[in-house]
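First the structure, in the form of structure tokens, and then the observations on it.
Every number for a ligand or one of its atoms is a count from 1 in the order of the listing. As a basis for the values below, the full set of heavy atoms in this structure was taken, side chains included, without hydrogen atoms, waters or symmetry mates. Everything numeric in this text was worked out from a predicted model, so none of it was measured. Residue numbers count from 1 along this sequence.
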Amino acid sequence: MTAQRIVIKVGSHVLTQEGAIAKVRMFALVEFIAQLKAKEYEVILVSSGAVAAGFTQLPLDRSSVANKQALAAIGQPYLLKMYQEKFEIFDLLCSQVLLRADVFDSAEHMNHAKVAIDTLLENNVVPIINENDTVSIEELIFGDNDRLSAHVAHHFDAPFLVILSDINAFYDKDPNKYADAKQRKVVNALLKEELEAEHNPNNEFATGGIVTKLQAADFMMKHGKEMFLASGFDLSDVKSYLLDGVHESGTLFKA
Ligand code: ADP
């Protein structure tokens, strides 16, 4: 059986709790990745959380760009250390790959990065990707890991992207505002209005909101790939889908 390559993106809401790294949820995620790997999946993880992890070590004012860059620099190795400790429990190695948005525009850089990712995966190592916030220039940054993860899936040959969020699916309207919002189980196409709605992240560490997730889904579908949006707080839906092949809940974006 050839391995199926997937990208999993986990948002800062899921990874942080009251300003600190949510260790229990991080452990659950690592355990899930270990289960996927046992099922012959090759997994690339795109993880936010560096700024939040940095803030737990040095509470600088996050409203300045310079401080955020400093916090990312402090938090990134700290975040990786926590991942490393958890992957070790499952006898797995993980690795850090920091990308800049402009890497995707250069065939040469991309080939270089792809060789590294392929080599890591061949050796059963989990690449953990994040945007290199410390060196990214404002105009170059994705600013959110949703679109970054779609580019990662596309360029590193993964047909499937999973976004684990604070929300368990895509709804017909914002479920945090409307009690009668209904889940959409399968989405085949997105409307221009849905892709251009105002960014509305609802936590100070989150910069994505639903719109960037839809943009990621749109990018995947346009490239003949699929995306699954599910809860990162409770992994049961994504587990049913990927481990048991049962679509209980969560949104599948498939053209
Ligand atoms: P993360 O931190 O996981 O990247 P965000 O908080 O940035 O996630 O984005 C998800 C949020 O988007 C949800 O908590 C929800 O309040 C909001 N949202 C707005 N419209 C919708 C919708 N139609 N379906 C689902 N979530 C929506």
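Atoms of ligand 1 found under 4.0 Å from any heavy atom of D166, numbered from 1 in the order shown, are 3 (O), 5 (P), 6 (O), 8 (O), 9 (O), 10 (C), 11 (C), 13 (C), 14 (O). Of all atoms in ligand 1, listed by their number and element, those nearer than 4.0 Å to a heavy atom of G209 are 5 (P), 7 (O), 9 (O). Using a 4.0 Å cut-off to heavy atoms of N176, the atoms of ligand 1 that qualify are 13 (C), 14 (O), 15 (C), 16 (O). Taking a cut-off of under 4.0 Å to the non-hydrogen atoms of K9, the atoms of ligand 1 that pass are 4 (O). Atoms of ligand 1 lying under 4.0 Å from any heavy atom of A169, numbered from 1 in the order shown and given with element: 25 (C).
When non-hydrogen atoms are compared, ligand 1 lies under 4.0 Å from the side chain of P175 (C-beta onward) but not from its backbone. Counting heavy atoms closer than 4.0 Å to ligand 1, residue D174 contributes atoms from both its backbone and its side chain.
Look at S48 and you'll find every heavy atom at least 4.0 Å from all atoms of ligand 1.
Heavy atoms only, all atoms of each residue included: M26 and M82 are closest at SD-CB, 3.8 Å.
The aromatic rings of H223 and H154 are tilted relative to each other, their planes meeting at an angle between 30° and 60°.
The salt bridge (charged side-chain N to carboxylate O under 4.0 Å, His left out) analysis of residues 220-240, with sequence neighbours excluded, yields the pairs D218-K222, E226-K254.
Annotation: cation-pi pair K86/F27 absent, no NZ/CZ under 6.0 Å from the ring centroid and within 45° of its normal. Because its NZ or CZ atom is not both nearer than 6.0 Å to the ring centre of F156 and within 45° of the ring axis, R5 does not count as a cation-pi partner of that residue.
Within the set K213, K182, K173, the minimum heavy-atom distance to atom 4 (O) of ligand 1 is found for K213.
For F253 and F228, the ring centers are positioned 6.0 Å apart or more.
Checked by distance only, ligand 1 and D146 stay at 3.5 Å or farther apart across all their nitrogen or oxygen atoms.
D157 is listed as a side-chain neighbour of K114, based on a closest heavy-atom distance under 4.5 Å.
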